[in-house]
Protein chains: 2
Amino acid sequence: MAHTVSEVARLAGVSVRTLHHYDDVGLLSPSSRSESGYRLYHHTDLERLHEVLFLRELGFALDEIRHVLDDPGHDRLASLRDQRTMINGKIAHLRRLVVSLDAAINAHEEGIPMNEDEMFEVFGDFDPREYEAEVEERWSGELLDESRRRTSSYTKQQWKAAMAESEAVTNDFAAAKRAGDAADSEAVMAIAERHRLQIDRWFYPCSYEIHTGLAEMYVTDARFTAHYEQSEAGLAAYIHDAIKANAARAGG
Amino acid sequence: MAHTVSEVARLAGVSVRTLHHYDDVGLLSPSSRSESGYRLYHHTDLERLHEVLFLRELGFALDEIRHVLDDPGHDRLASLRDQRTMINGKIAHLRRLVVSLDAAINAHEEGIPMNEDEMFEVFGDFDPREYEAEVEERWSGELLDESRRRTSSYTKQQWKAAMAESEAVTNDFAAAKRAGDAADSEAVMAIAERHRLQIDRWFYPCSYEIHTGLAEMYVTDARFTAHYEQSEAGLAAYIHDAIKANAARAGG
DNA sequence: CCTTGACTCTCACGTTACGTTAGGGTTTAT
DNA sequence: ATAAACCCTAACGTAACGTGAGAGTCAAGG
């Protein structure tokens, strides 16, 4: 029924010291102890450990994990779904790493030096908040307020999930473009629709009209253009076209 | 031409402190300094930083990265290819995490508790060396010696690449099984062939005969069986069948 | 010319997530 | 009953930076 430290350690593939540490910092205290003071882990403890390890794998600090799990309003199901989204985002990120790696391999085989900008494009994350000052001039203030209202209450986990989803969509656009799919094809419009719904869900109500306006910005605002062009040449325009096609279909 | 710290930091998405640190530990010292002592990074420095960040992303310690990059026998092309393999392995790993997560989500929705063993199956890596003592009894000593000879000279990077490739193949087997593909179908035999070549490349010369012998072990040696069964019920037998089918085709 | 703000430098201590002895009880197997 | 294998707490070590502190440097503007 109850497991000792070393049993749990072997089961979960972590060190005994790690379990001691999680106990010390109050992240995972076994629900009981033996008479002689031995830690005894029960099923609920293992479930918690499972979540801890998952979140750790996703790059959360132990402190953050503790906050997430101890939050009384913590919805385990929603949390698991967010984790799924984040892992998918990570996979998308790694796929882009592979693409970048292929570029480096090619460059090396051809003996041509790689562009310095594109060399690092895959690292670091694109945090839209950094661009708020720029965007503010173009957005109607209402949308921005709504976006800020929503995002301000986001937990770090939700925020990461949003970013991950975002990257996944961008990646799909890029993949479709590489595959030679037309921007107004069914499949690519579907991605555009996902893009719209994602913004709608995470940031602000995004009608087709607003979405189209956003598309315009992608090709006229240097910040946005640069972001997508770095990802793949011509991608900003491609996404712009896909969004317009999708909106036209929905509108007409 | 030359970039200052903050420029490089912005370009690569790291902190200035990180660049200072890499200089301190001798991982990346800019090739020149200005008169007043400012660090000046040139193209070659950026290329090196690129490799550093990639390897860091793959989980290498800075110390290990320094050894890899400073090794005079360091083959950049081979290294890049290994990195590709490792990233693909990581992707495979993350895909399994998603599967595990789905299981957790399902369990939670149905209100049934998850099996404690399968709860943690996705964490930790399967290091075949742990099983050498067991395997020794069954293997002809020669193969083991050859395997040990080869792996002993492996760099940590190579070792990780081998593990990653291994996990990718296992994952493909599992995916095929889930998709309902027959073990003797063309596609699954192709995976078996990849499995054979991978062993041949990384561990010891693996003829179809030896491969078949290995397949027998997968279903008779508890260690191996447990490993694959944990990954997916019936997987050990499935892989066994695929290997036999593949060997039969090649042999006949 | 000189000031102001944005950078740069070198210490140097702080932090996170454990690893690693050290010293000392406990449980189990022979 | 005695060794081997576990368990405990305590405490210092380490990796990869973060975070100032104190001081020099550089470009733009009044």
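Proteins get letters first, then strands, A, B, ... in listed order; numbering begins at 1 in each. No hydrogens, no waters, no symmetry mates; every other heavy atom, side chains included, goes into these values.
Rounded to an integer number of Å, the gap from A:Leu55 CG to C:dA17 P is 13 Å. Going from atom CD of A:Glu7 over to atom C1' of D:dC7 covers 12 Å, rounded to whole Å. With rounding to whole Å, B:His21 atom NE2 is found 15 Å from D:dT19 atom P. One atom, CG of A:Leu53, and another, C1' of C:dC18, lie 14 Å apart when rounded to the nearest Å. Distance A:Arg33 CZ to C:dT26 C1': 14 Å, rounded to the nearest Å. To the nearest angstrom, P of C:dC9 lies 7 Å from OH of B:Tyr41. Distance, A:Tyr22 OH to C:dG19 P: 9 Å, rounded to whole Å. Across the protein-nucleic acid pair, A:Phe60 atom CZ and C:dC18 atom C1' stand 20 Å apart, rounded to whole Å.
Checked for salt-bridge contact, B:Arg48 and B:Asp70 meet the test: a charged N lies under 4.0 Å from a carboxylate O.
Residue-level contact check: A:Val5 touches the backbone only, with heavy atoms under 4.0 Å from sugar-phosphate atoms and none from bases.
The phosphate of C:dC9 has OP1 or OP2 within less than 4.0 Å of a side-chain N or O from B:His20. Not one side-chain nitrogen or oxygen of A:Tyr38 sits closer than 4.0 Å to the OP1 or OP2 atom of C:dG25. When the side-chain nitrogen and oxygen atoms of A:Ser6 are compared with OP1 and OP2 of D:dA5, none of them lie within a distance under 4.0 Å.
For the atom pair CG of B:Leu19 and CG of B:Asp45, the computed distance is 10.5 Å after rounding to the nearest 0.5 Å.
For the 3.5 Å distance criterion, the side chains of B:Tyr22 and B:Arg17 fail to qualify, holding no donor opposite an acceptor.
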So B:Val14 and B:Arg56, side-chain contact (heavy atoms from CB on, under 4.5 Å) or not? Walk me through it. CA-CA 12 Å; B:Val14 301; B:Arg56 189 185 67 167; 4.3 Å; yes
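Between the side chain of B:Glu7 and the main chain of B:Thr4, a donor-acceptor pair closer than 3.5 Å is present.
Two residues, B:Ser34 and B:Asp63, neighbour DNA chain D, and the one matched to the more 5' nucleotide by heavy-atom proximity is B:Asp63. Residue B:Arg10 is the one, among A:Ala61 and B:Arg10, whose nearest nucleotide of DNA chain C lies closer to the 5' end (criterion: closest heavy atom). Nearer to the 5' terminus of DNA chain D, by closest-nucleotide assignment, is the contact made by A:Val16 (compared with the other of A:Val16 and B:Glu35).
You'll find a donor-acceptor pair under 3.5 Å spanning the side chain of B:Arg17 and the base of D:dT19, going by distance alone.
For A:Ser36, the listed nucleotide lying nearest its side chain is C:dT26; candidates were C:dC9, C:dT26, C:dA17. Side-chain proximity of A:Leu62 to C:dC18, C:dT8, D:dA16: nearest is C:dC18.
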